[in-house]
Amino acid sequence: MRATSYPLATLRENPAEAEIVSHQLLLKGGFIRRVSSGIYSYMPLMLRVIEKISSIIDKELKSIGCNKLLLPLLHPAELWERSGRWESYTAGEGIMFNLLDRQNRGFGLAPTHEEVITTIASEIITSYKQLPICYYQIQTKFRDEIRPRFGLMRSREFIMKDGYSFHSSEEDLKQFYEKMETAYIKIFSNCGLETVGVDADSGSIGGSASKEFMVTAESGEDSILFTESGSYAANIEKANSIPTKEIPIKVQSQDLLFTPNQKSVYEVCKQNKIDSTQIVKVILFLGVFDDDSQLPILVCIRGDQTVNEVKLFNLVDTKYEKSLINLSIIERNIESEKNLDNLPFGFIGPDINDSIIKSDSNWQKSWLRIVDHSANNLNLFFTGANKIDYHKINSFNSMSQKFINADVRNSKQGDYITIKGTETLIEKRGIEIGHIFQLGQKYSHKLNAKFSNKEGKLENIWMGCYGIGVTRLAQAAIEQNHDDDGICWPIHIAPFEVNLIPTNIKDSNQKNLAEEIYLELKNNDIDVLLDDRDIRAGIKFKDSDLIGIPFRIVIGRDSINNEVELISRVTKKSIKVHRRNILEKFLYESKLMYN
RNA sequence: CGGGGCGUGGCGCAGCUUGGUAGCGCGGGUGCUUUGGGAGCACUAGGUCGCAGGUUCGAAUCCUGUCGCCCCGACCA
């Protein structure tokens, strides 16, 4: 490509709208342009990156026998009603853009494609002899995110690779899942990225085992916990661990503790010289189910711990036949006062009476009481006395209410991973760029996708699904690879491998030499950008650094002696090379970088 | 959804408190000089001041409404 016919459109200053460095560099480098919140145009440079990532994915997936196809974006509501996800994806979380056609039929823009692909599979697959089979696509996805942010990190329209595999047994699914995991590791390393694989919650996609692939970065939206040795790694949504030891309470007292206005764990500890591990705090939630019923939930947890809402959601969801579509904290506001009578906010104990739920409330009339392990293990603890301005010492043994004992806490840095273990957890931020799931028979069951097994009996097809956020991966790569001057693309996914810069295009000697080398590189299938603009060399260098092309060949003063320079973007090291050796030298240096 | 901030040429911003008919830097165009890290001088083009009402002789500025964008928050008991 020639810079004169391939407008770079770089910006001199950082756009005000971007906060994190990768987003700033994408805008500044002219890779993307914002059209609306969470909606971006991919400019030619960006598209080249996307295409490189796509072809790395293609190569690896085809090598394990996956078949590429392309599915529609516009899905009929009826299809999603069959899988039972229409309600929760539109009315519930509202993540699915939806609309009516001129016939007044409902449609949605696809946030994911299980429904469509499973329907296809149900029509095509009839026998175990056709299995296993895996389809995938690289497609635009639409999700009306609660808060789109950070450019391509969390956008409402984005490009994703999504794959779906079909199997005749759970065993076969597991084997393929592992094959896919290996392929994913290769894909990310072939993109020049460092990733961590972590155990994950399956979320609304459903299924049993699932694993996320994370690029570690400060700006990541996920918390991941892992051991130094790598023996354990999990998303905080999923991580299980042993909390640090509490400081036991020695003396039992029946007396109420006067704690005026001390509504938080922090205040109670500070004013009364109590350790936060000696407190059980109570947090109230309201669950809403798909049949509109509303369940008040009371969660008890040790004062120094925090509630993991994902674990809590899953616990409540699996406890009931109907499905939970929303879980929110009950705060003191008009809504809660309408349903609760004289609730002593800030001083609630685990044993607060069911009778505080008003009789005319449309909530269920008794609390679902849950105790996290961290609190359940305490013999005695300080907790709310259910009376404004008072706490007391209490124990679960002395309470008459029924509690469900469960793990609903967030793991923390410093936790042990097993009771007798010596390894503790480290916490870091991560950007999720890939996720693989063993779906099992959830979708095949709902969408009636069956096959005849060896015994001639009909059975639901076993399924797996596998995603990679292509556009997110590109931005995560920048988050991981940049410096003060701009992007430092890994060569594997860089828009160009080398930037050819004649410092003065008006010098016919330079111009001719540049043209010759340009042709030579192109003829050897090297992605080269020739900066043939008639501008000062400084601008070309700045642009080159900004858009992050891994190598630069400068044709300047020494061109009179047929000498050029080969410079690495990352190290800035420059070597002088004779014109006749430049191809060979470049191939040698770039090969080092590819490996 | 709650809280905070911001909407003024392509980009970054000033002007608003105290109304008087829009300015700076970068970028664009032309010319001359310059030419290995975002050059200098001169000239020049380019703006519904987010939108809609209102107050006023007069509104970017004051009032009301509305739309959009960005940031923080789903642990407050």
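Keep in mind it's a predicted model, so treat the numbers as computed, not measured.
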> Provide the distance between the two P atoms, one in G53(B) and one in C43(B), to the nearest whole Å.
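Rounded to whole Å, the distance is 41 Å.
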> What nucleic acid atoms does I330(A) come within less than 4.0 Å of, heavy atoms only: base, sugar-phosphate, or nothing?
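Touches a base.
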> Between U61(B) and C49(B), how far is it from one P atom to the other, in whole Å?
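My reading of the P atoms in U61(B) and C49(B) gives 9 Å.
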> In whole angstrom, what separates E19(A)'s CD from G5(B)'s C1'?
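Rounded to the whole Å, the gap is 11 Å.
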> Ignoring backbone atoms, test whether S37(A) places a side-chain nitrogen or oxygen under 4.0 Å from the OP1 or OP2 oxygen of C70(B).
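Checking C70(B) against S37(A), a side-chain N or O does come within under 4.0 Å of OP1 or OP2.
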> Taking C70(B) as the reference, what is the distance to C62(B) when you measure between their C1' atoms (whole Å, please)?
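Between the two C1' atoms, the distance is 26 Å.
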> Hey, does I535(A) reach any base, or is it just sugar-phosphate, or nothing, if we go heavy atoms under 4.0 Å?
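No contact at all - I535(A) keeps every heavy atom at 4.0 Å or more from the nucleic acid.
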> Determine the contact category for F285(A): base if any of its heavy atoms lies under 4.0 Å from a base atom, sugar-phosphate if only primed atoms, P, OP1 or OP2 are that close, otherwise nothing.
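Contact class for F285(A): none.
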> Count the heavy atoms belonging to other residues, nucleotides or ligands that lie under 6.0 Å from CG of L256(A), then report whether that count exceeds 12.
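Counting neighbours around CG of L256(A), more than 12 heavy atoms of other residues, nucleotides or ligands fall under 6.0 Å, so yes.
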> Would you indicate what L343(A) reaches in the nucleic acid, counting non-hydrogen atoms under 4.0 angstrom: base, sugar-phosphate, or nothing?
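Nothing, no nucleic acid heavy atom in range.
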> Closest-nucleotide mapping onto RNA chain B: is G151(A) or N410(A) further toward the 5' terminus? I mean the 5' end.
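Nearer the 5' end of the strand: G151(A).
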> State, yes or no, whether a side-chain contact exists between K238(A) and I224(A) at a heavy-atom distance under 4.5 Å.
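No - every pair of side-chain heavy atoms lies 4.5 Å or more apart.
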> Does the side chain of L529(A) come within less than 4.5 Å of N499(A)'s, by heavy atoms?
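The answer is yes, as the side chains (C-beta and beyond) meet within the 4.5 Å cut-off.
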> Tell me which nucleotide, if any, is Watson-Crick or G-U wobble paired with A42(B) when both distances must be under 3.5 Å.
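The answer is U30(B), by the H-bond criterion.
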> Between C71(B), G37(B), A77(B), spot the one nearest the side chain of F150(A), thanks.
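Closest of the options to the side chain of F150(A): C71(B).
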> Mind checking if R557(A) touches a base, just sugar-phosphate, or nothing, with heavy atoms under 4.0 Å?
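Base contact.
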> What interatomic distance, in whole Å, is found between P of G50(B) and the corresponding atom of U33(B)?
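My reading of the P atoms in U33(B) and G50(B) gives 43 Å.
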> Classify the nucleic acid contact of D543(A) as base, sugar-phosphate or nothing, counting any heavy atom under 4.0 Å across all strands shown.
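Base: the residue D543(A), judged by heavy atoms under 4.0 Å, touches a nucleobase.
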> Would you mind classifying the nucleic acid contact of V554(A) as base, sugar-phosphate or nothing, using non-hydrogen atoms under 4.0 angstrom?
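If one applies the 4.0 Å heavy-atom cut-off, V554(A) turns out to touch a base.
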> Once you apply a heavy-atom cut-off of 4.0 Å, does N308(A) come out as touching a base, just sugar-phosphate, or nothing?
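N308(A): base contact, heavy atoms under 4.0 Å.
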> With a 4.0 Å cut-off on N to O distance, would you call K511(A) and D532(A) a salt bridge?
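Salt bridge flag = no for D532(A) with K511(A).
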> Watson-Crick or G-U wobble partner for A22(B), using a 3.5 Å limit on both distances?
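WC or wobble partner does not exist here.
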> Let's test this: given Watson-Crick or G-U wobble pairing with both distances under 3.5 Å, identify the partner of C76(B).
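Its partner: none found.
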> Which is true for G556(A) with a 4.0 Å heavy-atom rule: it touches a base, it touches only sugar-phosphate, or it touches nothing?
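It contacts base atoms.
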> State whether the distance check finds a donor on one side and an acceptor on the other, under 3.5 Å, for side chain R552(A) versus base G37(B).
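It does, because a donor-acceptor pair links the side chain of R552(A) to the base of G37(B) below 3.5 Å.
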> Within the structure, does a side-chain N or O atom of S36(A) lie under 4.0 Å from either OP1 or OP2 of C69(B)?
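Answer yes for this pair, as a side-chain N or O of S36(A) is under 4.0 Å from OP1 or OP2.
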> When the C1' atoms of G27(B) and A45(B) are compared, how many Å lie between them, rounded to an integer?
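To the nearest whole Å, 13 Å.
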> Counting only distance, no hydrogens or angles, is the base of G27(B) paired donor-acceptor with the side chain of E13(A) under 3.5 Å?
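No, no donor-acceptor pair under 3.5 Å.
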> Tell me the interatomic distance from L8(A), atom CG, to G10(B), atom C1', rounded to whole angstroms.
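My rounded result for the distance is 16 Å.
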> Quick test of the criterion, 5.5 Å between centres and less than 30° between planes. Is F345(A) stacked on A77(B) or not?
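Whether judged by distance or by angle, F345(A) passes, so it stacks on the base of A77(B).
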> Just how far, in rounded Å, is P of A74(B) from CD1 of I236(A)?
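Taking CD1 of I236(A) and P of A74(B), I get 12 Å after rounding.
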> Looking only at side chains, do Q401(A) and D351(A) share a donor and an acceptor under 3.5 Å apart?
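Side chains of Q401(A) and D351(A): no pair found under 3.5 Å.
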> Ignoring hydrogens and angles, are the base of G37(B) and the side chain of D545(A) linked by a donor-acceptor pair under 3.5 Å?
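Indeed there is one.
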> Can you confirm whether more than 12 heavy atoms, excluding those of R2(A), are under 6.0 Å from its CZ atom?
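For R2(A), atom CZ is crowded (more than 12 foreign heavy atoms under 6.0 Å).
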> Salt bridge check: are R409(A) and D304(A) linked by an N-O gap of less than 4.0 Å?
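Salt bridge absent between R409(A) and D304(A).
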> So E565(A), base contact, sugar-phosphate only, or nothing? Heavy-atom distance under 4.0 Å.
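Base contact.
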> Output the single nucleotide from A74(B), G36(B), C70(B) whose closest atom is nearest the side chain of Y40(A).
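Nearest to the side chain of Y40(A) among the choices is C70(B).
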> Start at the 5' end of RNA chain B and walk down; is the nucleotide closest to R533(A) or to A16(A) reached first?
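Counting from the 5' end, the first nearest nucleotide belongs to A16(A).
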> Scan every strand shown for a Watson-Crick or G-U wobble partner of U61(B), both distances under 3.5 Å, and answer none if you come up empty.
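For U61(B), the partner nucleotide comes out as none, under the 3.5 Å rule.
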> To the nearest Å, how far apart are F347(A) CZ and A77(B) P?
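For the pair F347(A) CZ and A77(B) P, the rounded distance is 11 Å.
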> Check whether more than 12 heavy atoms from other residues, nucleotides or ligands sit under 6.0 Å from atom OH of Y42(A), and answer yes or no.
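Atom OH in Y42(A) is packed in, count exceeds 12.
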> Using the P atom in both, what is the distance from A60(B) to C51(B), to the nearest Å?
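Per the computed distance, 11 Å lies between those P atoms.
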> Output the single nucleotide from A77(B), C70(B), U35(B) whose closest atom is nearest the side chain of R536(A).
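For R536(A), the side-chain atoms sit closest to U35(B).
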> Nearest whole Å is fine: how far is G27(B) C1' from K28(A) NZ?
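Those two atoms, NZ and C1', are 14 Å apart.
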> May I ask you to decide whether E145(A) forms a salt bridge with R154(A), counting only side-chain N to carboxylate O separations under 4.0 Å?
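Yes, E145(A) and R154(A) are salt-bridged.
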> When the distance from CZ of R34(A) to P of C11(B) is rounded to whole Å, what number comes out?
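Rounded to whole Å, this separation is 10 Å.
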> Looking for any heavy atom pair under 4.0 Å, which part of the strands does S264(A) touch: base, sugar-phosphate only, or nothing?
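S264(A): backbone/sugar contact only, no base atoms under 4.0 Å.
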> Look through every strand shown and name the nucleotide pairing with G68(B) as Watson-Crick or G-U wobble, where both distances are under 3.5 Å.
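Base partner found: C6(B).
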> Which whole number of Å gives the distance between the P atom of C6(B) and that of G29(B)?
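After rounding to an integer number of Å, I get 35 Å for this pair.
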> Can you tell me which nucleotide in G36(B), A39(B), C13(B) comes closest to the side chain of I539(A)?
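For the I539(A) side chain, the nearest candidate turns out to be A39(B).
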> Please report the distance, rounded to the nearest Å, between CZ in R33(A) and C1' in G10(B).
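Going from CZ in R33(A) over to C1' in G10(B) covers 8 Å.
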> State which of C76(B), G12(B), C71(B) makes the closest approach to the side chain of R149(A).
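Side chain of R149(A) sits closest to C71(B).
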> Using atom CD1 of I146(A) as one end and atom P of A74(B) as the other, report the distance to the nearest whole Å.
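Interatomic distance, CD1 of I146(A) to P of A74(B): 12 Å.
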> Distance between the P atoms of G28(B) and G20(B), in whole angstroms?
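My reading of the P atoms in G28(B) and G20(B) gives 34 Å.
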